[in-house]
Amino acid sequence: MKLSQSLIYTLPFLHSAAAQGGGMVGLPWTVSNVPETGLEEITFPIDISASPHERGFYFAQQFNFVGAPDVGYTGLQPRADINGQPIIHAAFSSFNAGTTSDDENCSDGADGGAGVSCAIDIVSPYEHQYLLLVENTQGTTWVGTLVDAVSGNGTRVGSWTLPGGSKGIKGSQLGFVELYAWNDGKSEHVCADVPKHGVTFGEPVAEGYEGSLGVPYEYGDCVGEIQYEAHTTADGAVAITVGY
Ligand SMILES: *[C@@H]1O[C@H](CO)[C@@H](O)[C@H](O)[C@H]1NC(C)=O
Ligand SMILES: *[C@@H]1O[C@H](CO)[C@@H](O)[C@H](O)[C@H]1NC(C)=O
């Protein structure tokens, strides 16, 4: 994801979604009655079984912290198979200046700006739903974990520590579908070339609270040109398809 300063000023409603390049679909989420100090734990279910095993797309949920100006996000990216085995890439990032980490899978900077990014690539089936767990472990330190919802096992993606004074996770933000390969500042992107991808975002889960998803919407350079389709499933999840 990449935030363009000029677009931020002209399109304030897109503040936290990808606002240029490959950003294609936004999806609001809400957890109701979150206390003023925020949530200490939240889980975002994501299913990318309807996407090809190739690099290019990012399916993510963003979140804000009480007392910190910028978002964090966590999500999944398809990867090409390695030796015939499916690879799932999971990311867990903070855009807040002053975020620190000494985790082996984390590095300074997020999308070329301030913050910390953590990522793993694991061998794991696309057919399974995944749970992206974000939890506070102590003080202002947060851990991101990728859990296979079918087999139940998980792998830690990484952890980072926000600047002092920040608190828990706020009760609403946006998810997004982004063709991040297009965030290269070049202009020869052809909407008709977007390969077909599908993702299903589940309702966010926070113990003791009720999570839900809002109405997804198209945005960016290919609105109306990429066979966008979205519908809500019986269990409140939102299934989104784009591309050819
Ligand atoms: C679950 O365990 C399998 C088998 O060890 C492993 O291949 C897979 O990467 C694990 N999945 C997660 C999400 O940690
Ligand atoms: C780093 O990633 C690997 C998987 O690629 C994982 O097994 C390991 O637990 C991660 N390390 C940390 C400190 O999160």
Side-chain angles (χ1 to χ4, degrees), residues 1 27 29 31 39-63 71-94 99 101-107 110-111 115-138 141-161 169 173-181 197-207 209 211 213 233 235-241:
M1 194 184 69
L27 172 63
W29 63 263
V31 173
L39 298 165
E40 293 191 355
E41 181 177 319
I42 190 165
T43 298
F44 299 105
I46 303 183
D47 176 334
I48 59 168
S49 55
S51 284
H53 300 192
E54 60 189 38
R55 184 188 284 260
F57 267 83
Y58 189 22
F59 308 104
Q61 289 282 15
Q62 301 177 107
F63 38 90
V71 292
Y73 62 44
T74 188
L76 300 178
Q77 297 178 3
R79 286 288 186 270
D81 290 354
I82 295 179
N83 299 327
Q85 296 198 288
I87 307 294
I88 301 269
H89 176 95
F92 174 61
S93 306
S94 166
T99 307
S101 176
D102 46 26
D103 248 63
E104 57 176 320
N105 298 323
C106 304
S107 55
D111 268 4
V116 165
S117 296
C118 311
I120 56 169
D121 288 279
I122 62 166
V123 174
S124 213
Y126 279 54
E127 292 71 28
H128 293 183
Q129 185 195 49
Y130 290 91
L131 307 174
L132 292 136
L133 167 64
V134 178
E135 59 183 332
N136 184 267
T137 48
Q138 56 164 359
T141 298
W142 296 83
V143 174
T145 306
L146 174 66
V147 178
D148 181 326
V150 176
S151 57
N153 61 318
T155 301
R156 178 184 157 108
V157 181
S159 76
W160 29 256
T161 301
I169 292 173
Q173 242 296 346
L174 296 170
F176 61 84
V177 172
E178 177 191 63
L179 180 46
Y180 71 90
H197 281 69
V199 58
T200 300
F201 290 98
E203 291 178 318
V205 178
E207 212 186 318
Y209 300 91
L213 295 170
T233 70
D235 59 0
V238 172
I240 296 166
T241 309

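Everything numeric here is computed off the predicted structure, so don't read it as measured data. Both counts, for ligands and for their atoms, begin at 1 and track the order of listing. In this chain, residues are counted from 1 in sequence order.
Looking at Tyr130 next to ligand 1, no N or O pair under 3.5 Å apart turns up. Taking any N or O of Asn153, backbone or side chain, at least one lies under 3.5 Å from an N or O belonging to ligand 1.
The line from CZ of Arg156 to CG of Asn105 is 8.5 Å long, rounded to the nearest 0.5 Å. Atoms CG and CD1, on Asp103 and Ile120 in that order, are 11.0 Å from each other to the nearest 0.5 Å.
When Ile120, Val150, Ile122, Val157 are checked for heavy-atom proximity to atom 12 (C) of ligand 1, Ile122 turns out nearest. Ranked by closest heavy atom to atom 9 (O) of ligand 1, the top entry among Ile87, Val123, Leu146, Ile88 is Val123.
Judged purely by distance below 3.5 Å, without hydrogens or angles, the side chains of Tyr130 and Ser124 pair a donor atom with an acceptor atom. Between Tyr73 and Gln173, the side chains place no donor N or O within less than 3.5 Å of an acceptor N or O (distance only, hydrogens not considered).
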- Query: For Val147 and Thr145, what are the C-alpha separation, side-chain angles and deciding distance, and is it a side chain to side chain contact (heavy atoms under 4.5 Å, CB included)?
  - Reply: CA-CA 6 Å; Val147 178; Thr145 306; 4.0 Å; yes

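Within ligand 1, the atoms closer than 4.0 Å to a non-hydrogen atom of Gly154 are 14 (O), numbered from 1 in the order shown.
For atom 14 (O) of ligand 1, the nearest protein heavy atom (residue, atom name, distance) is Thr155 OG1, 2.5 Å.
When distances from atom 4 (C) of ligand 1 to the protein are checked, no heavy atom turns up under 4.0 Å.
Results of the ring-ring contact (aromatic ring centres under 6.0 Å, His included) test with Trp29 over Phe44, Phe201, Phe63 single out Phe44 as the only residue that passes.
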